[in-house]
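Below, read A as the first sequence line, B as the second, and so on, with proteins coming before strands; counting in each chain starts at 1.
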Protein chains: 2
Amino acid sequence: MARPTLASLATELGVSRQTISNALNAPDRVRPATLKRVLDAIEAAGYRPSAAARQLRTRRSMNLGMRLLPATDGINGSILDRFLHALTESAQAAGYRLTLFCADTDDDEVRQYEQLLHVAGLDGFVLTSSRRDDVRTRWLQEHGTPFAIFGRPWGELQRDGSARHPWVDIDGAAGTAEAVTHLVRQGHSRIGFLGWHDGGPVGDDRRAGWEHAMRASGLSEHISRLRISTPDTIAGGVSGGRKLIERDATAIVCASDSLAIGALESLRELRPRLFLPGQPAGPGLRAAVVGFDDTPVAAALGLSSVAQPVEDAARHIVRLLTYELAGYPAAGTMPDESLLLTPHVVERVPLPLAPPA
Amino acid sequence: MARPTLASLATELGVSRQTISNALNAPDRVRPATLKRVLDAIEAAGYRPSAAARQLRTRRSMNLGMRLLPATDGINGSILDRFLHALTESAQAAGYRLTLFCADTDDDEVRQYEQLLHVAGLDGFVLTSSRRDDVRTRWLQEHGTPFAIFGRPWGELQRDGSARHPWVDIDGAAGTAEAVTHLVRQGHSRIGFLGWHDGGPVGDDRRAGWEHAMRASGLSEHISRLRISTPDTIAGGVSGGRKLIERDATAIVCASDSLAIGALESLRELRPRLFLPGQPAGPGLRAAVVGFDDTPVAAALGLSSVAQPVEDAARHIVRLLTYELAGYPAAGTMPDESLLLTPHVVERVPLPLAPPA
DNA sequence: AGGGCATATTTGATCGATCAAATTATCGCC
DNA sequence: GGCGATAATTTGATCGATCAAATATGCCCT
């Protein structure tokens with residue numbers, strides 16, 4: 001049997017199409033008795049409204065779009081994975097579907113927006129980063145397309161009120177600061193920072209958090225000496241870690257897990273005694289290196305790391321988008337237009353590896 | 001100005017809707033002169049047919065669905081990432097869009113199929129695994145829904161011809177076999193295998209490849225002694241690696257990169273001399289541990305690994321699906337209904353770490 | 001009983017494309 | 001030049017829902 005349509009169900013039930021439609025979209029307009037009868041019939045017949053037909057009429061596709069970025073690092077890139085999963089789940093729970101697409105460049109991404117809006121009628125987009133002077137956000141705003149960003153609008157915010165847009169981000173500085181606090185509590189004082197040197201705002205933010213916490217803990221004197229940047233790789237972490245340890249650092253806060261894996265390695269190399277079994281809990285090994293992003297590798301190696309609440313971020317992104325798409329309804333349920341989530345250190349005990357020779 | 005529709009463009013151009021429609025869908029039915037005029041106008045007006053309207057009439061959404069699995073390991077799971085990316089790209093190139101969804105269980109996945117088919121009118125699905133006795137494939141087949149699997153139909157194949165379905169997979173056995181060949185060529189003979197012990201077909205397959213290659217290389221005597229399985233973690237790799245090395249293995253083929261990372265560690269621990277700089281190329285360090293999946297971590301550590309051609313797999317999946325969705329057109333272009341791709345070893349020189357004390 | 005009003009339900013038009021069939025142009029050929 | 005066949009184009013109906021407006025029903029009250 002072909003699946004039922006509004007019309008077929010209507011004649012079978014002896015009511016009009018519109019009544020069934022109302023039962024689903026505006027139940028309060030239908031008399032309770034009829035409502036029940038209709039809903040039961042819908043249930044029994046397994047009726048599901050066609051999204052295409054509905055979209056044609058209402059101009060809403062209940063479909064969000066997101067660009068899948070070309071696989072970055074892969075070590076650090078795994079946060080985007082978790083984010084994507086959480087996003088799909090949240091969107092689904094809110095009755096939206098998620099459509100993926102690829103783009104080579106930002107300009108290409110804009111071209112895709114246009115395509116997807118016109119052709120597929122997507123309702124909004126999720127961006128996973130924002131640039132200093134972003135063609136994408138500009139285009140979206142000019143065209144009145146709803147969107148939300150996972151990532152702060154780094155430069156633009158202060159410039160112009162009209163350029164504001166909803167975003168969610170994770171407070172990197174708070175994360176590195178918490179890492180410092182943890183280490184101080186464990187007795188460390190010579191706490192280094194190992195960052196990458198692309199001059200990007202994300203890296204700067206994480207370094208700033210470390211600096212701030214160092215000052216707050218009265219450790220300002222170490223700041224300029226124990227601040228190092230290298231390429232964001234494991235190898236970079238090793239060499240950077242070596243330098244910091246040579247400059248007498250006992251603990252290292254890293255801007256990424258790649259760096260942290262390398263830094264941990266350098267610690268094993270230059271301070272093998274720390275890795276002896278039964279080492280006291282003082283300014284010893286435990287959490288002496290803290291990574292960032294809490295990637296699966298870090299977890300597997302027992303590396304402490306700053307864990308980003310990406311699931312919360314995804315949920316809020318969906319909340320922001322659906323709120324706007326619902327036409328800014330009741331003021332009571334309005335979500336924050338921008339939200340800075342605080343990440344937290346996950347402490348781990350390093351995997352017992354190679355005791356010193 | 002509102003975006004043009006078929007009708008608006010038609011009146012503006014002085015032709016009928018259908019002619020424009022034909023210009024796009026059946027250009028050979030339109031006189032060349034008219035065709036050019038119409039296509040130029042389409043270009044100029046930036047006209048794009050509405051997917052919703054088209055779908056309503058044709059019952060094709062040009063939309064494929066894929067379940068996003070709950071983040072697995074994350075170390076090994078990163079292949080699915082690359083796969084997803086390649087899939088999106090291939091689908092896009094073929095004019096299809098990709099819709100993601102989540103499901104808690106296989107039964108839930110089936111429920112989602114039904115939803116997505118009825119509501120969103122998805123044209124087909126991509127599965128990223130197949131179970132021994134799969135409710136999902138059964139449902140899809142019973143309902144005549146096109147689908148293709150990344151992964152072999154492990155048990156079912158031999159049972160019943162009607163249960164056949166298109167799939168693409170990567171020949172794990174060929175990968176581990178190639179790893180053995182490489183190691184033999186480098187002078188190794190006591191080559192161990194480190195697998196996980198869940199008894200799943202994927203792990204069995206990889207082990208079988210190693211065994212087969214060992215026999216083919218006249219190394220059968222080592223098989224039973226140098227075959228070990230542990231949990232699929234870095235820690236498991238360390239302990240398993242230790243055992244193998246104690247049993248005099250000089251090289252280790254691993255069923256995953258997690259295991260390989262651990263195994264490499266055990267080698268550093270018990271055979272530190274191998275890691276001295278300037279070690280000869282003979283049965284030395286180079287490629288002495290081979291992982292599987294060629295994950296970013298492996299690459300970062302300079303670990304040799306068996307790289308799966310997931311991009312090819314994704315491309316073929318799309319080819320399979322689009323072929324079926326096009327109604328099995330010309331026989332000449334028919335893609336193989338099942339395809340086993342051969343992975344290859346990527347050789348790397350390990351990152352110089354901790355020289356022995 | 002019947003008018004006035006609010007509530008409940010139905011009807012016809014519409015979103016933007018394609019299908020199937022009807023109509024009109026074009027061409028070869030005697 | 002005119003006939004038939006084929007090619008090119010147009011017309012009306014349709015996919016399955018919602019919108020806006022029209023109609024039916026119920027309720028209260030004088």
Which angle, to the nearest 10 degrees, lies between the helix axes at the two ends of the helix from C/dA1-D/dT30 to C/dC30-D/dG1, each defined by five pairs?
-> 50°
According to the side chain to side chain donor-acceptor pair (under 3.5 Å) rule, which pairs have a member within residues 27-37 of chain B, sequence neighbours left out?
-> B/Lys36-B/Asp40
Output all residues satisfying ring-ring contact (aromatic ring centres under 6.0 Å, His included) with A/Phe125, sequence neighbours left out; order by chain, then residue number.
-> A/Tyr113
note: B/Arg60, atom CZ; C/dA17, atom C1'; distance rounded to Å ~ 15 Å
Among residues two or more places apart or on two chains, list those pairs meeting side chain to side chain donor-acceptor pair (under 3.5 Å) that have a residue in residues 10-23 of chain A.
-> A/Ser16-A/Thr19, A/Gln18-A/Asn22, A/Ser21-A/Asn25
Starting at atom CZ of A/Arg59, determine the distance to atom P of D/dG16, rounded to an integer number of angstrom.
-> 20 Å
For B/Glu89, what residues pass the salt bridge (Lys or Arg N to Asp or Glu O under 4.0 Å) criterion, not counting sequence neighbours?
-> none
A/Asn25 CG to D/dA17 C1', in whole Å, measures 9 Å
Taking all heavy atoms of A/His85 and all of B/Cys102, pick out the closest pair and write down the distance.
-> O-SG, 3.9 Å
Roughly how many Å is it from CZ in B/Arg54 to C1' in C/dG16, rounded to a whole number?
-> 11 Å
Over how many whole Å does the gap from A/Arg37 atom CZ to C/dA8 atom P extend?
-> 15 Å
Spacing between B/Leu56 atom CG and C/dC19 atom P, to the nearest angstrom | 12 Å
Who passes ring-ring contact (aromatic ring centres under 6.0 Å, His included) against A/Phe83, sequence neighbours left out?
-> A/Phe150
Can you find a side chain N or O atom of A/Arg48 that sits less than 4.0 Å from OP1 or OP2 on D/dA17?
-> no
Sequence neighbours excluded, the answer for salt bridge (Lys or Arg N to Asp or Glu O under 4.0 Å) partners of A/Glu311 is A/Arg82
Contacts of type side chain to side chain donor-acceptor pair (under 3.5 Å), residue A/Thr322, not counting sequence neighbours | none
List the protein contact pattern of nucleotides 9-14 of chain C with one symbol per nucleotide (5' to 3'): B for base contact, S for sugar-phosphate-only contact, - for none; contact means a heavy-atom distance under 4.0 Å.
-> BBBBBB
Return the value, rounded to whole Å, for the distance between atom CG of B/Leu6 and atom P of C/dC19.
-> 12 Å
Cationic N near anionic O, under 4.0 Å, B/Arg111 to B/Asp104 = no
Between C/dA17 atom P and B/Leu24 atom CG, what is the distance in whole Å?
-> 10 Å
Indicate whether OP1 or OP2 belonging to C/dA17 is found under 4.0 Å from a side-chain N or O atom of B/Thr5.
-> yes
